[in-house]
Peer 1: 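Here it is, the structure in full.
Below, each value reflects all heavy atoms present in this structure, side chains not excepted, and no hydrogens, waters or symmetry copies. Throughout, a chain's letter reflects where its sequence line sits, starting with A, and its residues are numbered from 1.
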There are 2 protein chains.
Amino acid sequence: MRNVDGTSAILLTVDVVILTLRDSSLHVLLVQRRAPPFAGQWAIPGGLVQSNESLEEGARRTLYERTGIQNVPLEQLHTFDDLDRDPRGRVVTVAYCAVVPAPLAAHAGRNAADVCWQPVRMLPEMAFDHAKIVQFAVQRLRQKLAHSAIGFQLLPERFTLSQLQRAYEAVLGESLDKRNFRRRILQAGVIEPTGEVLFGDGRPARLYRCIPSAVAEVKPRRVFP
Amino acid sequence: MRNVDGTSAILLTVDVVILTLRDSSLHVLLVQRRAPPFAGQWAIPGGLVQSNESLEEGARRTLYERTGIQNVPLEQLHTFDDLDRDPRGRVVTVAYCAVVPAPLAAHAGRNAADVCWQPVRMLPEMAFDHAKIVQFAVQRLRQKLAHSAIGFQLLPERFTLSQLQRAYEAVLGESLDKRNFRRRILQAGVIEPTGEVLFGDGRPARLYRCIPSAVAEVKPRRVFP
DNA sequence: TCAAAAGTGTTTGTGGTACACCCATGG
DNA sequence: CCATGGGTGTACCACAAACACTTTTGA
């Protein structure tokens with residue numbers, strides 16, 4: 001932990017927040033630490049960055065090593081740097097975030113005793129400042145959902161309008177009017193019907209998919225002029 | 001650059017983008033590097049983080065050392081980590097950003113041969129990936145201006161409505177209708193008249209100040225429900 | 001035929017946009 | 001009295017919000 005010149009170094013890690021929707025509420029992927037510090041406690045997957053990889057590559061690698069998850073779209077969230085966030089010394093972490101559709105299998109990997117999906121409203125006691133990082137990610141997701149068309153990342157490729165509405169309601173924490181929701185999402189032109197229907201408890205629902213090019217063009221309205 | 005165990009380390013720096021409004025256009029504060037690499041080239045102020053300071057403290061310190069600027073509200077922008085961004089080796093930098101009112105004196109300090117304000121539309125060739133960092137900051141400012149009430153940070157404590165409008169126009173890069181702008185900004189209740197007037201070329205203008213508590217409460221409207 | 005979820009229109013109000021002239025001062 | 005920038009009101013339109021019933025399926 002010391003350089004040859006005697007000054008103490010700052011270590012750099014990455015941590016990954018994986019958010020998804022399960023049972024109509026937002027969940028985060030946690031791993032149980034096997035090694036100290038905080039052995040046995042829950043944490044988000046992460047680890048030291050190697051000097052020959054980019055931060056995002058490091059995030060992907062540690063995520064894969066600890067949970068087996070691959071091919072998720074990572075986005076840089078924030079860099080956390082509290083002086084006392086790691087008992088081993090000065091460790092700065094760059095947090096990444098992914099918002100993924102529900103059916104994603106994860107399994108415990110190296111350095112992780114166990115893996116679970118936990119509702120973000122009921123976080124257990126967590127290692128380091130990871131609870132803070134998760135809260136930050138949730139808040140950011142709410143903001144992004146509110147002024148961009150990002151809700152589709154929580155759903156599978158094909159989805160019903162009710163599923164989409166429930167996703168929005170889960171993240172925003174409020175209920176929305178069904179008719180207004182449907183009218184606006186359809187008028188926005190960011191989704192299209194697939195022609196298929198999904199059979200369930202009641203009347204079958206039409207399936208839609210999103211149109212990525214149109215989603216990219218959605219611009220929020222300004223507060224001012 | 002090497003730890004006692006022989007592995008090569010990742011170095012951590014901070015860089016600071018200072019944006020302001022001069023002559024109705026956005027400018028960024030640049031320093032001319034005195035030492036290699038990139039000696040003689042323009043860069044944004046920054047430097048190595050010490051292990052006993054937070055990143056924001058490091059940003060404040062290096063900003064002060066290089067430019068004499070103090071007491072600006074810094075906000076974390078993004079962490080830049082291209083593998084080849086520094087010819088000396090692996091250096092990751094956390095960029096901070098400040099948006100400040102125009103009359104801010106800066107002077108060259110340690111490790112900086114010179115200091116200047118440069119229009120963001122006409123950036124010179126810059127050291128490291130600093131041009132990319134500045135562009136990132138400008139884009140972020142545009143977004144923030146568009147959906148929060150942040151324009152006041154570009155102006156002195158007391159300002160006229162025309163100054164405020166010119167600030168918005170400069171950042172957004174488009175012209176706005178005077179009557180609509182004034183009506184909306186006044187209806188929003190985020191500014192109040194001071195009762196004073198500013199004498200200029202034509203008719204004197206009323207001075208306003210912003211109401212920070214009200215500014216904090218401005219919420220953008222959602223794209224969806 | 002009942003339960004369960006999908007699907008559908010109208011009215012009303014607010015707020016955005018477009019637009020042109022008079023006012024107060026200094027030179 | 002002229003040049004310069006400050007300050008003001010209205011009409012139209014689009015979109016957001018509130019609101020309840022019918023339809024389709026499986027059990």
Side-chain angles (χ1 to χ4, degrees), chain A residues 21 23-24 145-149 151 155-156 158-170 172 174-209 217-225, chain B residues 21 23-24 145-149 155-156 158-170 172 174-209 214 217-225:
Chain A
L21 206 60
D23 311 322
S24 295
L145 197 77
H147 38 124
S148 74
L155 296 172
R158 292 170 303 165
F159 50 85
T160 70
L161 291 180
S162 296
Q163 287 170 349
L164 183 62
Q165 182 174 350
R166 279 193 293 270
Y168 271 86
E169 289 175 337
L172 295 173
E174 61 185 294
S175 56
L176 306 171
D177 181 84
K178 183 162 61 160
R179 283 167 293 187
N180 293 336
F181 180 83
R182 292 161 107 93
R183 183 173 347 102
R184 290 174 64 173
I185 208 93
L186 290 171
Q187 274 180 5
V190 292
I191 60 175
E192 59 185 5
T194 66
E196 301 155 297
V197 291
L198 178 69
F199 288 80
D201 263 358
R203 171 174 170 174
R206 285 200 264 257
L207 284 168
Y208 291 80
R209 73 168 72 89
E217 283 170 14
V218 170
K219 295 287 176 214
R221 178 163 314 173
R222 288 201 297 268
V223 181
F224 313 117
Chain B
L21 206 59
D23 310 323
S24 296
L145 197 78
H147 25 218
S148 75
L155 296 173
R158 292 170 304 165
F159 51 84
T160 70
L161 291 180
S162 296
Q163 287 170 349
L164 183 62
Q165 185 176 347
R166 278 193 293 271
Y168 271 86
E169 288 175 337
L172 295 174
E174 62 185 294
S175 56
L176 306 171
D177 180 85
K178 184 161 63 160
R179 283 167 294 188
N180 292 335
F181 181 82
R182 291 160 110 92
R183 180 169 356 97
R184 289 174 66 171
I185 206 95
L186 290 171
Q187 274 180 4
V190 292
I191 60 175
E192 60 186 4
T194 66
E196 302 155 296
V197 291
L198 177 69
F199 287 80
D201 262 357
R203 171 175 173 174
R206 286 200 264 257
L207 284 169
Y208 291 79
R209 72 168 71 86
E217 284 170 13
V218 170
K219 295 287 178 216
R221 174 165 317 171
R222 288 200 297 268
V223 182
F224 315 117

Peer 1: When the nearest nucleotide of DNA chain D is assigned to A:Gly202 and to B:Tyr208 on a heavy-atom basis, which residue is associated with the more 5' position?
Peer 2: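 Checking each residue's closest nucleotide, the 5'-ward one belongs to B:Tyr208.
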
Peer 1: Counting side-chain heavy atoms from CB outward, which of C:dG26, D:dT25, C:dA4 is closest to A:Pro204?
Peer 2: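 Closest nucleotide among those given: D:dT25.
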
Peer 1: Using whole Å, report how far CG of B:Leu198 lies from C1' of C:dT25.
Peer 2: 12 Å

Peer 1: Heavy atoms only: give me the nearest A:Leu155-A:Ala167 pair and the separation to one decimal.
Peer 2: CD2-CB, 4.3 Å

Peer 1: Looking at the base of C:dA20, is there any donor atom on it, or on the side chain of B:Arg179, that sits under 3.5 Å from an acceptor on the other one?
Peer 2: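 For B:Arg179, whose side chain was compared with the base of C:dA20, there is a donor-acceptor pair (under 3.5 Å).
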
Peer 1: What's B:Arg183 touching, base or sugar-phosphate or nothing? Going by heavy atoms closer than 4.0 Å.
Peer 2: base

Peer 1: Mind checking the CD1-CD1 spacing from A:Ile191 to A:Ile185? Nearest 0.5 Å is all I need.
Peer 2: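 Result: 5.5 Å between the selected atoms.
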
Peer 1: Let's see if you can work this out: which of D:dT24, D:dG6, C:dA6 has an atom nearest to the side-chain heavy atoms of A:Ala205?
Peer 2: C:dA6

Peer 1: Answer whether the closest heavy-atom distance between the side chains of B:Val197 and B:Leu207 falls below 4.5 Å.
Peer 2: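 Result no, sub-4.5 Å side-chain heavy-atom pair not found.
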
Peer 1: Indicate whether OP1 or OP2 belonging to C:dA5 is found under 4.0 Å from a side-chain N or O atom of A:Ser162.
Peer 2: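 False: A:Ser162 side-chain N/O out of range (4.0 Å or more) of C:dA5 OP1/OP2.
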
Peer 1: Should A:Arg206 be listed as having a side-chain N or O under 4.0 Å from OP1 or OP2 of C:dT8?
Peer 2: yes

Peer 1: Whole angstroms only, please: what is the CZ-C1' distance between B:Phe181 and D:dG7?
Peer 2: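 The distance from CZ of B:Phe181 to C1' of D:dG7 comes to 14 Å, rounded to the nearest Å.
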
Peer 1: Nearest whole Å is fine: how far is C:dG7 C1' from A:Leu186 CG?
Peer 2: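 A:Leu186 atom CG is separated from C:dG7 atom C1' by 11 Å.
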
Peer 1: Can you tell me how far P of C:dA18 sits from CG of B:Leu176, to the nearest Å?
Peer 2: 11 Å

Peer 1: How long is the gap from CG on B:Asp177 to CZ on B:Arg184, to the nearest 0.5 Å?
Peer 2: 10.5 Å

Peer 1: Checking all strands, does B:Arg182 fall into the base, sugar-phosphate, or nothing category for heavy-atom contacts under 4.0 angstrom?
Peer 2: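 Base: the residue B:Arg182, judged by heavy atoms under 4.0 Å, touches a nucleobase.
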
Peer 1: Look at the side chain of A:Asn180 and the base of D:dA18, then say whether one donor and one acceptor between them are separated by less than 3.5 Å.
Peer 2: yes

Peer 1: With a 3.5 Å distance limit and no angle check, can you tell me whether A:Gln165 reaches the backbone of A:Arg182 through a side-chain donor-acceptor pair?
Peer 2: no

Peer 1: Using the side-chain heavy atoms of A:Arg184, tell me which of these nucleotides is nearest: C:dG16, D:dG7, D:dA17.
Peer 2: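 Given the options C:dG16, D:dG7, D:dA17, the side chain of A:Arg184 is closest to D:dA17.
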
Peer 1: Does B:Arg203 put a side-chain nitrogen or oxygen below 4.0 Å from OP1 or OP2 of D:dT4?
Peer 2: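 No, B:Arg203 has no side-chain N/O under 4.0 Å of OP1/OP2 on D:dT4.
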
Peer 1: Once you round it to whole Å, what is the distance between P of C:dA18 and NZ of B:Lys178?
Peer 2: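 Value for this atom pair: 17 Å.
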
